[in-house]
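Okay, so here's the structure we're looking at.
Just follow the structure's listing: the first ligand is 1, and inside any ligand the first atom is 1.
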Amino acid sequence: MKTYSANGSNTTIRERLGLRPIINVSGTMTALGASIIVPEAIAAMSEIASQWVEMDDLQRAASTVVARLTGGEAGFITACCASGITMAIAGTMTGTNLLAVERLPDDTEGLKSEVIVQLGHIVNYGAPIDQSIRLAGARTVPAGTVSVTQDYHVREAIRDRTAAGLYVVAHHTVQYGMLSLEEFCEICHAKGVPVIVDAASEYDLRSFLARGADIVVYSGHKFLSGPTSGIVTGRKDLVRAAYLQNRGVARAMKVGKESIAGTMAALEAWERRDHARIRKREEAALHLWHDALQGLPGIAAHLIPDPTGNPLDRLQVFVTPESRFTAAGLALALAAGSPPIIVRNHEVERGHFFLDPCNLHPGEAEIVAERLRAVLSAAERPADAMKSARKDSASTSRWPD
Ligand SMILES: *Cc1c(COP(=O)(O)O)cnc(C)c1O
């Protein structure tokens with residue numbers, strides 16, 4: 001894979017801006033810049049950047065592409081998946097009533113304004129999902145407990161004020177004890193309640209609609225490698241009502257022409273992508289890292305499949321005290337090294353992290369392998385090597401210092 005800056009280097013602009021040349025083995029993280037945008041999308045963004053366009057017509061063209069790839073009746077591009085969730089929910093509240101669109105989020109009198117979500121689906125993807133609900137002016141009605149949701153938890157929670165059911169497909173959710181999408185749809189549909197699916201990171205563009213969802217929202221900048229954006233698809237009346245929120249709450253979530261054109265190009269590139277070749281390249285990186293970690297005391301590594309069934313594996317790296325690191329300490333050492341390597345560390349308190357092979361530039365898999373061996377076989381350990389995994393929001397609160 002090439003790098004795409006004008007002079008063929010992927011470090012120049014980072015150097016100029018004083019940014020660390022990180023290697024991302026974490027995943028398509030917003031905090032790391034979301035994605036390596038595919039060249040087709042970069043070309044489309046650059047081409048449209050200097051042109052006037054009629055935005056409703058551009059979104060009409062996007063609707064055709066989104067519908068073709070997802071099987072939805074209509075669709076549009078938004079700023080991101082989180083904004084797509086807010087817009088989809090707001091649409092189930094307002095329908096095509098333009099005055100209601102302008103009254104949101106605080107004036108919901110006479111509108112349906114409750115959204116049912118299984119408690120194990122109330123996730124945080126950088127912000128809490130219930131805030132995406134509240135931004136529409138709706139109230140979250142949690143169903144069930146953290147570990148179990150039964151059919152009656154959802155059925156009995158539905159009442160006149162219920163606007164929608166929200167179903168989340170993600171590794172972030174509780175992965176057991178929840179209702180399946182089919183069960184959730186069956187219960188909601190029996191009472192005339194539409195189901196919105198958050199499928200932000202899911203490679204499968206068609207199955208959630210096919211399994212009963214009324215509207216599905218994806219990120220454009222995750223698996224698709226598009227610009228930062230979201231994709232809304234599904235039943236035409238609901239997609240239309242969601243789109244009308246551009247005249248209301250979604251004005252503050254505005255998507256530009258460049259992101260719409262870029263996401264359309266990324267969708268079309270996805271259709272043509274050689275998925276088998278990319279999978280092979282990812283597997284080669286995983287095997288390289290697995291081999292590099294062999295024979296190191298206190299370290300074990302296993303390939304594990306993606307928890308929601310996306311066609312990719314990650315390397316799970318277990319770190320025990322014999323290595324003279326904690327998992328958190330090792331992740332820190334890798335991030336502090338040269339070049340900095342950012343691992344997938346959301347389960348680090350459990351003594352492991354993951355290496356994700358999906359976002360590498362050429363040559364980076366080898367650098368990661370070398371760094372892993374170098375850090376783990378060094379005689380000296382850094383001061384933080386045995387650091388425990390503590391939540392630390394202090395540095396976040398200090399920005400921009
Ligand atoms: C990433 C993610 C989001 C947010 O997507 P953005 O496009 O970054 O807003 C929402 N839901 C889930 C499950 C996610 O993984």
Just to confirm my output: which protein heavy-atom neighbour is closest to [atom], and how far is it?
atom                    : value
atom 9 (O) of ligand 1  : A82 N, 2.9 Å
atom 8 (O) of ligand 1  : H221 NE2, 3.1 Å
atom 11 (N) of ligand 1 : D198 OD2, 2.5 Å
atom 14 (C) of ligand 1 : K222 NZ, 3.0 Å
atom 10 (C) of ligand 1 : Y125 CD2, 3.1 Å

Next on the checklist: So, 4.0 Å and heavy atoms of H171: is ligand 1 close enough to count as a contact?
Outcome noted: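 The answer is no: ligand 1 sits nowhere under 4.0 Å from a heavy atom of H171.
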Checklist entry - Where does C81 meet ligand 1, judged by heavy-atom distances below 4.0 Å: at the side chain, the backbone, both, or neither? => result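 The answer is both.
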Check [Y] with [X], please: is the shortest side-chain N to carboxylate O separation under 4.0 Å?
X    : Y    : result
R279 : E283 : yes
E73  : R235 : no
R60  : D57  : yes
R350 : E347 : yes

When you check the side-chain N and O atoms of [X] and [Y], is any donor under 3.5 Å from an acceptor?
X    : Y    : value
T96  : Y243 : no
D106 : T108 : no
S229 : S259 : no

Next on the checklist: Can you name the atoms of ligand 1, numbered from 1 with element, that are less than 4.0 Å from a heavy atom of C80?
Outcome noted: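 Matching atoms, with element in brackets: 6 (P), 7 (O), 9 (O).
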Next on the checklist: Need the ligand 1 atom indices (1-based, order shown) with element for anything under 4.0 Å from a heavy-atom of T30.
Outcome noted: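 Reading through ligand 1 atom by atom, the close ones are 8 (O).
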Next on the checklist: Among A170, S219, S201, G84, which one puts a heavy atom closest to atom 13 (C) of ligand 1?
Outcome noted: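 Looking at heavy atoms only, A170 sits closest to atom 13 (C) of ligand 1.
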Next on the checklist: I'd like to check whether V123 has a polar contact with ligand 1, where a contact means an N/O of the residue lying under 3.5 Å from an N/O of the ligand.
Outcome noted: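 N/O-N/O distance below 3.5 Å does not exist for this pair.
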